[in-house]
Amino acid sequence: MTNDEAFVVTIDGPSGSGKGSLALQVARELDFHLLDSGAIYRLLALKSIRQNADLDQENEVIAVLDDFDIDFEPGDELPVPFLDGQDVSAELRQETMGEAASRVARHAGVRRCLLDLQRSFFQPPGLVADGRDMGTVVFPEARFKFFLNASIEIRAQRRYKQLINMGLSASIPQLQADIAERDERDQSRSTSPLRPAEDALVVDSSLLDLTQVTELVLSHIRENR
Ligand code: C5P
């Protein structure tokens, strides 16, 4: 590796494609910062629910941003999300919060308000950012862009294992229906819909495990850095 200049790696993809785990591994290997942008939308959804804001009303969600006190502290695995000084990781990972996040994330004004916050995560030596629009909107100049996909059946199975490992209950048919609904909402919204950036490398992880996908992504970065 010869180029020491800071750069951004974006990893976008639908729910359950494995982008969160991949982003964590890649950030560790490169010793880069990590942005889990989905966690920001989930934190905003949680705060909106706590304040009884209507998630479908853009102005009500934007008003919640007036006093949006969030933080990420280093954890054993992923950074630990805090809202108003409280660790909210368990609440954030619930499927219902993913659904609520996709409702607040539909509003163009909300997305605009969150741009600077997301971009502030880019600090030396570099950033790995995962989400839906990292390569298309938030970091269009990123040096490396990946779009991770997997079949809906595989994504539902992965989500099921994650939830069970966290001690939460889940059903595969229900998860599959929830994921399909969230995909539809994320792909059809007019602002920043979920789609690969034109210059993204699209990776189908259906038949690959995390080690294989991580190796594929790191080799691409090492060869082209
Ligand atoms: O990635 P995660 O499942 O935590 O994201 C929750 C929801 O937040 C997504 O379904 C999507 O609607 C929204 N989101 C987004 N843009 C991002 C990250 C997440 O719209 N960059």
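For this chain, numbers begin at 1 and follow the sequence in order.
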Chemist: What distance separates N149 CG from L194 CG, expressed to the nearest 0.5 Å?
Modeler: 8.0 Å
Chemist: Is the closest basic N to carboxylate O distance between E58 and R106 below 4.0 Å?
Modeler: no
Chemist: Between the main-chain N or O of D54 and the side-chain N or O of E60, is there a donor-acceptor pair closer than 3.5 Å?
Modeler: yes
Chemist: Can you hop from V61 to L115 via hydrophobic side chains spaced under 4.5 Å?
Modeler: yes
Chemist: Find the distance between CD (E91) and CD (Q94) and round it off to the nearest 0.5 Å.
Modeler: 7.5 Å
Chemist: Do NZ/NE/NH1/NH2 and the carboxylate oxygens of K19 and D12 come within less than 4.0 Å?
Modeler: no
Chemist: Ring centroids only, cut at 6.0 angstrom: are F122 and F7 within range, meaning strictly under it?
Modeler: no
Chemist: Which heavy atom in D204 sits nearest to a heavy atom in A150, and how many Å separate them?
Modeler: OD1-CA, 3.9 Å
Chemist: Determine whether a donor-acceptor pair (N or O, by modelled atom type, separation under 3.5 Å) exists between the side chain of E181 and the backbone of D178.
Modeler: no
Chemist: Does the salt bridge (Lys or Arg N to Asp or Glu O under 4.0 Å) test come out yes or no for D133 and K145, once each step is laid out?
Modeler: CA-CA 11 Å; D133 61 342; K145 298 182 184 179; over 6 Å; no
Chemist: Do V137 and L117 sit in one hydrophobic cluster, given that two such residues count as connected whenever their side-chain heavy atoms are within less than 4.5 Å of each other, even indirectly?
Modeler: yes
Chemist: Which pair of non-hydrogen atoms, one from I62 and one from C113, has the smallest distance, and what is that distance?
Modeler: CG2-SG, 4.4 Å
Chemist: Side chains of S15 and R182: do they bring a donor and an acceptor to under 3.5 Å?
Modeler: yes
Chemist: Do V213 and L30 sit in the same hydrophobic cluster, where Ile, Leu, Val, Met, Phe, Trp and Tyr count as joined when their side-chain heavy atoms come under 4.5 Å apart?
Modeler: yes
Chemist: Would a distance-only check, ignoring hydrogens and angles, find a side-chain to backbone donor-acceptor pair under 3.5 Å from Q176 to I172?
Modeler: no
Chemist: Find the distance between NE2 (H107) and CD (Q57) and round it off to the nearest 0.5 Å.
Modeler: 7.5 Å
Chemist: Over all heavy atoms of both residues, which pair between L92 and L46 is shortest? Give the atoms and the distance, please.
Modeler: CD1-CD2, 4.0 Å
Chemist: From L44 CG over to I70 CD1, what is the distance, rounded to the nearest 0.5 angstrom?
Modeler: 8.5 Å
Chemist: Between F32 and V8, is a side chain to side chain contact (heavy atoms under 4.5 Å, CB included) present by the stated rule, with each step listed?
Modeler: CA-CA 9 Å; F32 274 18; V8 178; over 6 Å; no
Chemist: Check for me whether the distance between the ring centres of F72 and F82 falls short of 6.0 Å.
Modeler: no
Chemist: Is it true that R132 and D186 make a salt bridge, defined as a side-chain N closer than 4.0 Å to a carboxylate O?
Modeler: yes
Chemist: For the pair E95 and Q174, evaluate side chain to side chain contact (heavy atoms under 4.5 Å, CB included) and give the outcome as yes or no after the intermediate values.
Modeler: CA-CA 10 Å; E95 270 317 285; Q174 185 59 51; over 6 Å; no
Chemist: Report yes if some heavy atom in the side chain of L78 is under 4.5 Å from a heavy atom in the side chain of L34; otherwise report no.
Modeler: yes
Chemist: Between the main-chain N or O of S151 and the side-chain N or O of S206, is there a donor-acceptor pair closer than 3.5 Å?
Modeler: yes
Chemist: Considering only heavy atoms from C-beta outward, does the side chain of S21 approach that of Q25 to under 4.5 Å?
Modeler: no
Chemist: Take a 6.0 Å sphere around CD of E198 and say whether it holds more than 12 heavy atoms from other residues, nucleotides or ligands.
Modeler: no
Chemist: For the residue pair L207 and Q212, what are the closest heavy atoms and their distance?
Modeler: O-OE1, 4.2 Å
Chemist: Knowing that exactly one of D66, D69, D84 qualifies, which makes a salt bridge (charged side-chain N to carboxylate O under 4.0 Å, His left out) with K47?
Modeler: D84
Chemist: Do S205 side-chain atoms and L208 backbone N/O form a donor-acceptor pair below 3.5 Å?
Modeler: no
Chemist: In sequence, state the C-alpha distance, the side-chain angles, and the governing distance for V64 and V104, and then conclude on side chain to side chain contact (heavy atoms under 4.5 Å, CB included).
Modeler: CA-CA 11 Å; V64 172; V104 301; over 6 Å; no
Chemist: Which of these passes side-chain contact (heavy atoms from CB on, under 4.5 Å) with L35: T10, D130, V128, I40?
Modeler: I40
Chemist: Which atoms form the tightest heavy-atom contact between T191 and A108, and what is the distance?
Modeler: OG1-CB, 3.2 Å
Chemist: Rounded to the nearest 0.5 Å, how far does CD1 of I221 lie from CG of N224?
Modeler: 9.5 Å
Chemist: Let me check something: do V9 and M134 share a hydrophobic cluster, defined by ILVMFWY side-chain heavy atoms less than 4.5 Å apart, either directly or through other members?
Modeler: no
Chemist: Quiz question: by atom type and distance under 3.5 Å, do the side chains of S17 and R155 form a donor-acceptor pair?
Modeler: no
Chemist: Quick one: do the S102 and R185 side chains pair a donor with an acceptor below 3.5 Å?
Modeler: yes
Chemist: Working to the nearest 0.5 angstrom, can you tell me the gap between S192 OG and R112 CZ?
Modeler: 10.0 Å
Chemist: When you measure from the side chain of R111 to the backbone N and O of A105, does any donor-acceptor pair fall under 3.5 Å?
Modeler: yes
Chemist: Begin from the C-alpha positions of L65 and L114 and carry the test side chain to side chain contact (heavy atoms under 4.5 Å, CB included) through to its verdict.
Modeler: CA-CA 9 Å; L65 284 168; L114 291 175; 3.8 Å; yes
Chemist: Can any side-chain N or O of H33 pair as donor or acceptor with the backbone N or O of G126 at less than 3.5 Å?
Modeler: no
Chemist: Do H220 and F146 have their ring centres less than 6.0 Å from each other?
Modeler: yes
Chemist: Cluster question for you: counting only ILVMFWY and a side-chain heavy-atom cut-off of under 4.5 Å, with indirect links fine, are V202 and I11 together?
Modeler: no
Chemist: Can you give me the closest heavy-atom contact between D183 and P14, atom names plus distance?
Modeler: OD1-CB, 3.7 Å
Chemist: Do S37 and Q118 touch side chain to side chain, with heavy atoms closer than 4.5 Å?
Modeler: yes
